[in-house]
Amino acid sequence: MSIPKTYNPKEAEDKWYAYWLKEGFFRSVPDDREPYTIVMPPPNVTGVLHMGHMLNNTIQDVLIRRARMQGKNACWVPGTDHASIATEAKVVAMLKEQGISKKDLTREQFLEYAWEWKEKYGGIILNQLEKLGASCDWERTRFTMEPELSDAVIDTFIRLYRKGYIYRGVRMVNWDPQGRTALSDEEVNRREVNQTLYYVRYAVKGGDSDTPAYLTIATTRPETIMADTAICINPNDPRYAHFRGKTALVPLINREIPIIEDEYVDVEFGTGCLKVTPAHDLNDYELGQKHNLEVIDILNDDGTLNANAQILVGEDRFKARKAVAKLLEEAGLLEKTEPYSSQVGFSERTDAAIEPKLSMQWFCRMQDLAQPALDYVLNGEVKLIPDKFVNTYRHWMENIKDWTISRQLWWGQRIPAWYNAQNEWVVAKTEDEAKSLFEAERKTTEGIRQEDDVLDTWFSSGLWPMSVFDGTRHPENADISYYYPTNDLVTAPEILFFWVARMIIFGHEFRGKAPFKNVYLTGIVRDKQGRKMSKSLGNSPDPIELMEQYGTDGVRVGMLLSSPAGNDLMFDVAYCEQGRNFANKIWNAFRLVKGWDVASIPATPAQREAANWFNHRFNQAMAEIDEHFANYRISDALMATYKLVWDDFCSWYLELVKPAYQQPIAREAFEATKGFFESILKLIHPFMPFISEELWHDELFGGRADGDCCIVADYPNGGAYDDRVLVDFALLQQVVSEIRNLRNAKQLSPKITLPLAINASSGTDFIRYADSIEKMANVSDIRLTSEKPTGTTSFLVGKDEFYVAVAENVDVEAEKERITKEIEYLNGFLKSVNAKLSNERFVQNAKAEIVANEQNKKADAETKIRILTENLASL
RNA sequence: GGGAGCUUAGCUCAGCUGGUUCAGAGCACCUGCCUUACAAGCAGGGGGUCACUGGUUCGAACCCAGUAGCUCCCA
């Protein structure tokens, strides 16, 4: 036979992916079928495929392929996200390498470079998804910054502004001095950092001889003292009572500031005395508002000190920190320092330490928008899977804060606000509209210019499930009417608020309907030590290499086997190996069947029994698998499939059916096997699209008509199944297993044929399975008996006793010991059953069926003990 | 500091409304097999005080309380 012994995935993968594309199987257009829609969470254009994408997109592909086979109009919309800050940072870095500074470019020039970069690298990740087998409708590929989608973003901004949701205001924002932009709270990562707590002396003015001339504050940020506008003490703190109403001098610059009192100050912390720096600390800002303090901002946008600082102007904030400490020390104002660790925020994108900064930003009022979005989830219209995330979601939505939507970047949708020379402003889509608005308000249009800031990327991705169908601009168009709301969203829990919540908000705002019915939240892919996979740790395998090594099907299976819904996934390449082995198993099952010669001979009893059983077993497994899918337990659905194929089909069915070496197989059995094989190919297709398609087209299954492909074959329907058949077959399996076990224990070669006698007191018709038992256990001369034949060893299956003739291999002493042990065990078991049954309270309180069950257990055990005792006596 | 969740075999995890199918699966491990589909395999096997303590119950991995450890989210 020329078919290789192992499955070689490479060839099949490229061939079939190209073929599917050519046949247009991924394409979806509205028709009268039921739609099944998934919008892909658009990966960043800066991204390359990592394990997280791999998991995420494999799950989506499984869902979409299954739906497609179920006859739904399956539409999976792919695309990418422009990722404002990440991309801008990449482009800035690239330009820097070329010796170009962003500062020297105009906005237009910069954007030209950025688009160039996007065209060159922005598609990489989508190509990588093809390798994964992703069956997206590529004709629908979208990019969040393409003209139509940008238009949708601008329209939405204007719409929300007109409805009063968007406003401008000075707020303390999270400032990223490296990216030079404000960030939303969600884009700030907090980490525990080891710092130094500096104890700094402030001279007190108007002190008399009884009071010391200074007081001491503790701070981690001495470089901000030049921005201090007060010292605050707790009114209940007797230590500082005598400072009330006095003023202090800021060290080094000797600016006079008031000493104020507020219970906000923690008397336990530091010295119980706080410096107040409203421009550079959120809490201080609020304190400053309350006490009407001056706000002095001493930092430039890039984190260097400005002229307000008076000293160290132009110095970076961290250098300034050290410099100030030194100056203080030299001036004798640094009392002491001590190590201190506290939480510091860092930019998710640039990893720069966040600087709280007061600035004019655009905000979106969230409270009213959030309420309906919360309701969808609470009333179950949008299901979060697993549902433990409902709590997290609710907590966030109930405590939602206004959303900073402006970003001081160029790469993104520019906010449609216009200013005149007077710095008055209007919101309008075009300059002309803006002019008319100014005119209508009798304001000048002189010096008209557009807002420099762009919108937060999540503002555009929040529209994604609508904008990919052009649903905000043309709310009645055929696509959006047909595909919206979509069915399932598969994404990571860490963007539940960033993204999922905002999509629900926008979806409700525009269409009065949530954008999807189910949100499947995948876990984080970690290495086997439980560390999150990341580039910097270098602990993530390259998905492309994995696919080269184990085959795409193998890796898909590997990912899914290790990923129960919503739990983090401890990834190990061993799972991919298991996936590859599974593909190989299927390949070899195929080789077996393919090698058979077919003849017009009657089927054997074993073949008929096997076919009958497998038919029922398949339907039973289908019911399990369908249920797993219904509950989004994809990993369980896969495992059920795995066991059906490997254990039931390969280990039992094929072994029962396969003819002796070089013997032909009966046509009836052959046809039945092919039928089962086809069903299995269909069943595994969503998980393993390539091998299933490859085998589907083999001549074994006859000629395939054009377009007769596994990818569009009818998904198997689980028919009815008879438990009786399954229970009977399980008995047969037990018998076979006992005999094999016995062989193993006695070191008897599987090649030796052993005669078998059965005392079938239960009335089970074992003769019906005689052929099957002979084939599977290599026994012969199966006959019924009521006596234990000599020279045999025995075992029980249920209440039926089996005697295997092992001739000289009977070790009477060992037999006695084995049976004695078994009797002992049964006696112990019986005792515990009897204990229950003689407990009046049990008999009274327990359900009748449970009591009856115990009585059955008792009877069973007694019968078995009787048989074994007789057996023992006869030895 | 506030909230959520987790702890079951060496590893990753199932165990729905408490009752022989409740102590399971896959992988790993051990033993024996190169049996013409597959050693990426076949057959068989061992392995867990269900984190700990107490309670409720005729009966608890499952319900309740507390303890310890871990994780995540928010401040």
Side-chain angles (χ1 to χ4, degrees), chain A residues 1 3-7 185-186 190 282-283 343 386 388-396 398-399 401 493-494 496-497 523-524 526 528 530 550-551 554 558 561-572 574-575 577-596 627-628 631 633 635-636 638-640 642-643 646 650-651 654-655 658 660-662 727 730 736-745 747-751 776-778 829 832-833 835-847 849-858 860-861:
Chain A
M1 191 189 300
I3 309 172
K5 278 171 93 165
T6 52
Y7 168 58
D185 291 341
E186 288 75 34
R190 280 170 208 287
L282 180 57
N283 294 318
Q343 295 274 324
K388 66 177 177 184
F389 286 108
V390 172
N391 278 332
T392 321
Y393 183 84
R394 175 171 58 201
H395 190 255
W396 192 77
E398 282 174 350
N399 296 288
K401 290 192 211 131
E494 59 253 50
L496 187 57
F497 313 129
I524 295 166
R526 299 176 180 278
K528 50 179 167 175
Y550 295 102
L561 278 177
S562 55
S563 85
N567 281 355
D568 285 358
L569 162 175
M570 305 299 161
F571 182 80
D572 189 330
Y575 288 112
E577 204 177 310
Q578 192 181 350
R580 178 201 59 181
N581 294 354
F582 185 40
N584 200 45
K585 185 73 186 174
I586 295 164
W587 176 255
N588 277 292
F590 160 78
R591 283 179 69 218
L592 173 69
V593 178
K594 172 108 170 153
W596 285 340
E627 199 188 330
H628 286 315
N631 295 319
R633 313 204 45 150
S635 154
D636 291 337
L638 172 58
M639 187 43 73
Y642 180 92
K643 287 197 270 196
W646 199 307
C650 293
S651 297
L654 288 179
E655 290 298 336
K658 83 176 177 193
Y661 183 52
Q662 289 191 328
V727 168
V736 170
S737 172
E738 288 282 358
I739 297 169
R740 286 171 173 173
N741 190 353
L742 188 150
R743 262 184 213 279
N744 246 307
Q747 305 268 330
L748 294 171
S749 159
K751 285 174 189 161
M776 295 303 279
N778 193 20
F829 179 72
S832 79
V833 174
K836 277 192 195 175
L837 285 171
S838 58
N839 182 333
E840 271 177 43
R841 285 192 291 184
F842 170 74
V843 180
Q844 276 169 9
N845 294 328
K847 278 183 262 174
E849 62 211 64
I850 284 157
V851 178
N853 214 347
E854 291 298 314
Q855 270 153 355
N856 283 340
K857 278 158 72 176
K858 179 180 160 144
D860 275 6

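Note on naming: letters A, B, ... go to the chains in the order of the sequence lines (proteins, then strands), and numbering restarts at 1 for each one.
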With heavy atoms under 4.0 Å as the rule, sort [X] into base, sugar-phosphate or nothing.
X        : answer
A/Asn856 : nothing
A/Lys401 : sugar-phosphate
A/Trp646 : sugar-phosphate
A/Arg740 : sugar-phosphate
A/Lys658 : base
A/Asn584 : base
A/Ala589 : base

Out of [options], whichever nucleotide has its closest atom nearest the side chain of [X]:
X        : options             : answer
A/Lys5   : B/C38, B/U35, B/G15 : B/C38
A/Pro750 : B/U35, B/C73, B/A40 : B/U35
A/Tyr661 : B/G26, B/U36, B/C38 : B/U36
A/Asn391 : B/A4, B/A40, B/A37  : B/A4
A/Lys751 : B/C13, B/U35, B/A37 : B/U35
A/Asn744 : B/C72, B/A43, B/G26 : B/A43
A/Tyr642 : B/C27, B/C13, B/A37 : B/C27
A/Asn741 : B/U35, B/C38, B/G44 : B/G44

[X] [atom1] to [N] [atom2]: how many Å, rounded?
X        : N     : atom1 : atom2 : value
A/Leu748 : B/C42 : CG    : C1'   : 17 Å
A/Phe582 : B/C27 : CZ    : C1'   : 15 Å
A/Arg394 : B/C74 : CZ    : P     : 17 Å
A/Leu561 : B/A14 : CG    : C1'   : 14 Å
A/Leu742 : B/A43 : CG    : C1'   : 13 Å
A/Gln747 : B/G45 : CD    : P     : 14 Å
A/Glu494 : B/A4  : CD    : C1'   : 16 Å
A/Phe571 : B/C27 : CZ    : C1'   : 14 Å

Taking the [atom1] atom in each of [N] and [M], what is the distance between them to the nearest angstrom?
N     : M     : atom1 : answer
B/G15 : B/A75 : C1'   : 37 Å
B/G47 : B/A37 : P     : 35 Å
B/A9  : B/A68 : C1'   : 22 Å
B/C50 : B/C11 : P     : 16 Å
B/U20 : B/C33 : C1'   : 36 Å
B/C27 : B/G18 : C1'   : 31 Å
B/U56 : B/C62 : P     : 15 Å
B/C6  : B/U17 : P     : 13 Å

Straight-line distance of [X] [atom1] to [Y] [atom2], nearest 0.5 Å:
X        : Y        : atom1 : atom2 : answer
A/Glu655 : A/Leu592 : CD    : CG    : 8.0 Å
A/Gln578 : A/Leu561 : CD    : CG    : 5.0 Å
A/His628 : A/Ser635 : NE2   : OG    : 9.0 Å
A/Lys857 : A/Glu854 : NZ    : CD    : 3.5 Å
A/Leu654 : A/Asn588 : CG    : CG    : 11.0 Å

Checklist entry - Starting at the 5' end of RNA chain B, which residue's closest nucleotide do you reach first, A/Gln578 or A/Val593? => result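 On the 5' side of the pair lies A/Gln578.
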Checklist entry - Hey, which of these two, A/Lys836 or A/Met639, hits RNA chain B nearer its 5' end, going by closest nucleotide? => result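 Closest to the 5' end, via its nearest nucleotide, is A/Lys836.
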Next on the checklist: Pairs counted only when both distances fall under 3.5 Å, Watson-Crick or G-U: show me the 5' to 3' dot-bracket for RNA chain B, [ ] for pseudoknotted crossings and | for other-strand partners.
Outcome noted: (((((((..((((.....[....)))).(((((.......))))).....(((((..]....)))))))))))).
Phosphate OP1/OP2 of [N]: any [X] side-chain N/O under 4.0 Å:
X        : N     : value
A/Tyr393 : B/C73 : no
A/Arg743 : B/U31 : no
A/Asn581 : B/G41 : yes
A/Lys857 : B/G19 : no
A/Ser737 : B/G44 : yes
A/Ser651 : B/A43 : yes

Item to check | Candidate list A/Tyr642, A/Tyr7, A/Trp587, test side-chain contact (heavy atoms from CB on, under 4.5 Å), partner A/Phe582, passing option | outcome: A/Tyr642
Checklist entry - Does the B/C38 base have a donor-acceptor partner in the side chain of A/Lys585 within less than 3.5 Å? => result yes
Checklist entry - Side-chain donor or acceptor of A/Glu655 under 3.5 Å from a matching atom on the base of B/A37? => result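 Looking at the base of B/A37, it does pair with a donor or acceptor on the side chain of A/Glu655 (distance under 3.5 Å).
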Next on the checklist: Please determine whether the number of non-hydrogen atoms from other residues, nucleotides or ligands lying under 6.0 Å from atom CD of A/Glu627 exceeds 12.
Outcome noted: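 Counting neighbours around CD of A/Glu627, 12 or fewer heavy atoms of other residues, nucleotides or ligands fall under 6.0 Å, so no.
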